[in-house]
Amino acid sequence: PAVLAETERNLRGIGLFRNATIASNADEKDPGAADVDVVTEDAWTLQPKVSLAFLGGSHVTGGAGIAEYNLFGLGKAAEVFRGTELYRRLDILGYNDPRVFGTHWHLLATGTEDSDGRIRSLLLEYPFYSLQVPFSLTLAPSYIVDRERLFADRVQQPITFRRIQTTMAAEGDLALVATHDLVRRVGLRYQEWDDTFTSVQNYPPTSKLGLEDRRTHALEATYTEWWPHFIKTYFLDQLGHPEDKDLGFAYGLRIGYSPEAIGASTNELVLGSSLSLGGQVSADTYSWLYLQTAGRERAGHLADSFVTAEGIVYQRLPAILDHPQTFVADARGDLSSGLFRDHEFVAGGDGGGLRGYPVNFIGGSRRLMIHLEDRVTIAQDLFHLMSIGAVGFFDGGEVWGRGRSLEASNFLASVGVGLRIAGTRGTLQIPVRIDFGIPLVHHVGVNAVDVGTGSGDAFGTFGQPFYAQDNSVSVPENFA
């Protein structure tokens, strides 16, 4: 049964099917044999991409493009998109090949030309595609030029600066144990991040902003343990589409050294860890806990270090007139020490966790967020094209540090309602959200009611602690 369940998950994860189910029946004549029935539902793989987003603070963005997820019937994907984000215009060209020349090598290439820079990124990997695969290899170079912003010190508009980032990651991992119940791996990694900062006209020079060019060339050792426990469930984050969730326990550790001898700016230790733990409290109650830490040690002092903790609980409630209902509670805290000047915790509208407020409304070095949301599915696979849902929500939070104190009067909160729409002919079926937020605590520049749109959930973005809507297109060094 575990192998059949894994195969079913893998089929859904290919990106070509709306759904996949596998069932088996024992052969009455041969106890050692069974009949296996595999049922797949094809999805539309050629998908036009049209977006129109209203972000917190009356900002409007959008774009258009097209993506094919089964190019020439070979399971490869290509995408072309042109659009406008909050701080830039961009043209994107992407290609994803999960089976290069029929092998198990995976290639992902992305290139953009933006109004404030460009991106060139490449991922070439030989992954753990099976329990029988003893090793994996990864090579991931990238080059990014963009304009970024500081939100903690702004007077009316965020302070803008320019960053050029060159990165290189090379990693090899070895599976010490690989079973359906336990995975244990060790690895060696080389990470290189070179960041150069320059000032932008009409803004303070980088020296006054505390931005210093830096180079990190780290040799690291990694260790991972994972006790997987996958389940197939419904009506947690999606509108009736099967959701494969891992209720298992996993943790990862990494430690390395970045020496001046191989080009680093300074001698320092680089450290990081992550942990995730899921649980099914009852038949209709699920919970997950996430922890993440990262930082550097220089002569006994921590630099650019943080700890992030997030807990989320899903409770399926009695249906309302046969419409499925789920209540979600989420809490998150981010603490830091000696963050680099270009790293901030940000909160605000859209994906910033405080619907009803302007995008990137506040920034600092510490953050606390709380979310409550009641989700009701109104219609499933309507006209065989879409599913529709509605939500009611409460968001609350505060960001402090870098001149902003932690006080009850600074706490921000909002309530509101929203609409969820998910296309049912595609593979992911991630809902599009339209939220109407009403701020309960008013400040200068905050509207009485704000409309925000986007895709996916408005919270639960674990792994993106420095997330700021469309600000940085680069990856902070301690997450690469």
Side-chain angles (χ1 to χ4, degrees), residues 49-64 83-90 149 151 154 157-158 237-239 312 326 328-330 332 344-363 367-376 378 386-399 411-423 428 430-462 464-473:
K49 290 184 172 292
V50 179
S51 67
L52 177 64
F54 299 89
L55 309 181
S58 303
H59 299 285
V60 181
T61 66
T84 302
E85 291 185 344
L86 179 58
Y87 299 118
R88 61 179 59 86
R89 299 184 306 276
L90 71 167
R149 290 151 188 85
F151 301 98
R154 64 172 164 185
Q157 296 295 326
D237 292 318
Q238 299 192 25
L239 302 174
I312 188 167
T326 302
V328 186
D330 176 90
R332 173 175 181 149
E344 298 181 321
F345 297 118
V346 178
D350 191 48
L354 287 174
R355 288 166 284 187
Y357 288 90
V359 177
N360 304 328
F361 185 58
I362 50 176
R367 180 175 56 185
L368 176 66
M369 306 291 289
I370 300 172
H371 308 280
L372 304 175
E373 188 168 280
D374 190 30
R375 303 170 177 174
V376 179
I378 298 174
M386 68 181 72
S387 294
I388 301 174
V391 306
F393 63 83
F394 167 85
D395 291 338
E398 168 63 330
V399 178
F411 189 84
L412 303 178
S414 64
V415 296
V417 295
L419 185 67
R420 301 292 182 266
I421 303 173
L428 298 178
I430 298 175
V432 173
R433 66 176 188 271
I434 305 173
D435 290 323
F436 299 85
I438 302 174
L440 301 179
V441 182
H442 290 273
H443 292 270
V444 175
V446 176
N447 298 327
V449 179
D450 201 275
V451 180
T453 63
S455 62
D457 296 319
F459 54 88
T461 55
F462 183 76
Q464 299 179 353
F466 299 130
Y467 182 75
Q469 171 62 39
D470 300 332
N471 176 29
S472 170
V473 294

K.L.:
Hey, can you pull the donor-acceptor pairs under 3.5 Å for the side chains in residues 386-395, sequence neighbours left out?
P.N.:
unit_1, atom_1, unit_2, atom_2, d
Ser387, OG, Asp381, N, 2.9
Asp395, OD1, Arg355, NH2, 3.0
Asp395, OD1, His371, ND1, 3.0
Asp395, OD2, Arg355, N, 3.2
Asp395, OD2, Arg355, NE, 2.8
Asp395, OD2, Arg355, NH2, 3.4

K.L.:
Please report the interatomic distance CD1(Ile421) to CD1(Ile434), rounded to the nearest 0.5 Å.
P.N.:
5.0 Å

K.L.:
Quick one: CG on Leu368 to CZ on Arg332, what's the gap to the nearest 0.5 Å?
P.N.:
11.0 Å

K.L.:
Nearest heavy-atom pair of Arg149 and Pro158: which atoms, and what distance?
P.N.:
CB-CB, 3.9 Å

K.L.:
Just to verify, what does Asp374 make a salt bridge (Lys or Arg N to Asp or Glu O under 4.0 Å) with, not counting sequence neighbours?
P.N.:
none

K.L.:
For residues Arg375 and Asp237, determine if any side-chain heavy atom of one lies less than 4.5 Å from a side-chain heavy atom of the other.
P.N.:
yes

K.L.:
For Leu90, which residues count as a side chain to side chain contact (heavy atoms under 4.5 Å, CB included) partner, sequence neighbours excluded?
P.N.:
Glu85, Ile92, Asp114

K.L.:
Quick one, Leu239 and Arg420 - any side-chain contact, counting heavy atoms below 4.5 Å?
P.N.:
yes

K.L.:
I need the minimum non-hydrogen distance between Ala413 and Tyr357, along with the two atoms involved.
P.N.:
O-OH, 3.0 Å

K.L.:
Gly418 and Asp435: which non-hydrogen atoms are nearest, and at how many Å?
P.N.:
CA-OD1, 3.4 Å

K.L.:
Taking the side chain as everything from C-beta on, heavy atoms only, tell me whether Glu373 gets closer than 4.5 Å to Phe459.
P.N.:
yes

K.L.:
Without placing hydrogens or testing angles, list every side-chain donor-acceptor pair under 3.5 Å for residues 436-445, not counting sequence neighbours.
P.N.:
unit_1, atom_1, unit_2, atom_2, d
His442, NE2, Pro439, O, 3.3

K.L.:
Apply the side chain to side chain contact (heavy atoms under 4.5 Å, CB included) test between Phe361 and each candidate in Val399, Leu354, Val346, Val446; give the one that qualifies.
P.N.:
Val446

K.L.:
Which heavy atom in Thr61 sits nearest to a heavy atom in Leu86, and how many Å separate them?
P.N.:
CG2-N, 3.7 Å

K.L.:
Identify the heavy atoms of Ile312 and Asp330 that sit nearest to each other, and give their distance.
P.N.:
CB-OD1, 3.6 Å

K.L.:
Restricting to non-hydrogen atoms, name the atom on Glu398 and the atom on Phe411 that form the minimum distance, rounded to 0.1 Å.
P.N.:
CB-CD1, 4.0 Å

